[in-house]
Amino acid sequence: MTAMIDTMVLAYAFQAEGRNPVSKRQQKEHSAGLDGMAAHHAASRLVLSRLATVRISAITVVEFRRGMRENEIAWFDNKLSGFEVLDISGPVATKASELLRLRVNGKGESSCYKCLGTKEEAVCGKCGLRVSSQRKLNDAIVVATAELSDKVQVLYSFDGGVHAFQKHLKQCLIRNPLEMLAASERKAVEKPPEQAKQGTEPATGKRGNLMLVDKEGNPILPG
């Protein structure tokens, strides 16, 4: 599976390792309570474990580094060396602008041309503000990067703002990591007792191998 993850998926994976790059505001936006946080942690770790290469957009590097303390930057840069960072090229910038224009002018869309906000978006219960236009711009860049890369078939994101671009894409499928987690848990329950006891994977029959799945979460058989 050739895939890319967005900033929040990586942030939750890091948080599960004991790091805390996810703000309280972001936690509240993306998950409901402690149970929701645990599911987001598990789903993020599962996605990363299934990827032979972890791909992220260069904008994700910006979003992480801008809020880090000095003693955290070296740790992050060391982790970054194990990822493939996809550049923001001229075509990506053009595609991102086209995606934003479609959000403003497309059928069924009611985005403001200035702030990129929509009437359908929920507001923060504390401050009453909607998602910033800068964040929506970042979302468009991430989606455009995934759509134009021949290395990416699936973009994993928890963000509803990212998923809203799906209707305007032709190549890339945007999936919520929680879907993979649900499929994995369902297959674990359905696994025959003798296989569970031996610790083998039904798709490979080999101990310890990770199971490859298609876009619907179904196992891909070898050969």
Side-chain angles (χ1 to χ4, degrees), residues 1-19 21-22 39-65 75-89 91-92 95 139 141-159 162-163 165-166 169-188 190-191 195-196 198-223:
M1 175 174 56
T2 55
M4 174 178 156
I5 62 174
D6 79 350
T7 303
M8 288 305 299
V9 175
L10 187 59
Y12 277 113
F14 283 166
Q15 191 181 49
E17 295 179 4
R19 296 285 173 168
V22 186
H40 281 64
H41 290 160
S44 298
R45 291 197 306 269
L46 180 61
V47 168
L48 264 66
S49 73
R50 294 282 177 87
L51 300 179
T53 301
V54 178
R55 296 182 178 88
I56 60 175
S57 166
I59 202 69
T60 291
V61 178
V62 176
E63 290 182 317
F64 267 100
R65 280 180 128 263
W75 170 85
F76 176 70
D77 287 347
N78 181 60
K79 298 288 289 188
L80 198 62
S81 65
F83 304 149
E84 181 177 350
V85 180
L86 302 182
D87 293 336
I88 303 172
S89 62
V92 166
K95 184 64 177 180
D139 288 346
I141 292 172
V142 169
V143 173
T145 301
E147 173 73 354
L148 295 185
S149 175
D150 58 3
K151 299 179 179 180
V152 178
Q153 295 174 312
V154 180
L155 170 63
Y156 284 100
S157 174
F158 295 113
D159 196 327
V162 171
H163 285 263
F165 287 109
Q166 180 68 80
L169 304 182
K170 296 180 179 180
Q171 306 297 329
C172 181
L173 180 65
I174 303 176
R175 298 297 298 270
N176 190 318
L178 294 172
E179 297 174 17
M180 180 184 284
L181 180 64
S184 177
E185 291 176 342
R186 183 174 67 251
K187 291 182 185 303
E190 295 172 352
K191 184 186 295 184
Q195 290 179 325
Q198 294 172 3
T200 59
E201 296 288 357
T204 64
K206 296 180 180 179
R207 185 181 301 272
N209 281 6
L210 293 175
M211 183 189 300
L212 297 179
V213 297
D214 60 19
K215 294 177 181 180
E216 302 303 324
N218 299 310
I220 299 174
L221 299 178

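All residue numbers in this chain count up from 1 along the given sequence.
- With a 4.5 Å cut-off on side-chain heavy atoms, M8 and D159 do not count as touching.
- Across F158 and D6, no two heavy atoms sit closer than the pair N-OD2, 4.3 Å.
- At a threshold of 4.5 Å between non-hydrogen side-chain atoms, the residues S57 and L86 do not count as touching.
- A heavy-atom distance below 4.5 Å is not found between the side chains of W75 and N78.
- Side-chain contact between R55 and T2: present, with at least one pair of heavy atoms (C-beta onward) separated by less than 4.5 Å.
- Within the 4.5 Å cutoff, the side chain of H40 has no heavy atoms near those of the Q15 side chain.
- The aromatic rings of F76 and F64 sit parallel to each other, their planes meeting at less than 30°, with 60° as the upper class boundary.
- Between the side chain of N176 and the backbone N or O of L178 there is at least one donor-acceptor pair closer than 3.5 Å.
- To the nearest 0.5 Å, atom CG of residue L48 and atom CZ of residue F83 are 6.0 Å apart.
- The two atoms that bring V85 and L80 nearest to each other are CG2-CD1, 3.9 Å, heavy atoms only.
- Side chain of Q166 to main chain of I174: a donor-acceptor pair is present (N/O by atom type, distance under 3.5 Å, no hydrogens or angles).
- Atom CD of residue E84 and atom CE of residue M4 lie 10.5 Å apart, to the nearest 0.5 angstrom.
- Atom-to-atom distance recorded for F14:CZ and K79:NZ is 5.5 Å, nearest 0.5 angstrom.
- For the atom pair CG (L169) and CG (L155), the distance works out to 8.5 Å, reported to the nearest 0.5 Å.
- Proximity of E147 to F165: side-chain heavy atoms (C-beta onward) are nowhere separated by under 4.5 Å.
- With sequence neighbours excluded, the residues satisfying side chain to side chain contact (heavy atoms under 4.5 Å, CB included) with L148 are P91, V92, K95.
- Using a 4.5 Å heavy-atom threshold, the side chains of I56 and L10 count as touching.
- For T60, the side-chain hydrogen bond (donor to acceptor under 3.5 Å, both in side chains) partners are T7, not counting sequence neighbours.
- Residues V47 and P177 come closest through the heavy atom pair CG2-CB, 3.7 Å.
- Under the 4.5 Å side-chain criterion, counting only non-hydrogen atoms from C-beta, V152 is in contact with C172.
- Under a 3.5 Å cut-off, the side chain of Q153 and the backbone N or O of L173 do not form any donor-acceptor pair.
- For residues 41-60, the pairs satisfying ring-ring contact (aromatic ring centres under 6.0 Å, His included) are Y12-H41, with sequence neighbours left out.
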Q: Quick one: do D77 and R65 satisfy side chain to side chain contact (heavy atoms under 4.5 Å, CB included)? Show the steps, please.
A: CA-CA 9 Å; D77 287 347; R65 280 180 128 263; 2.8 Å; yes
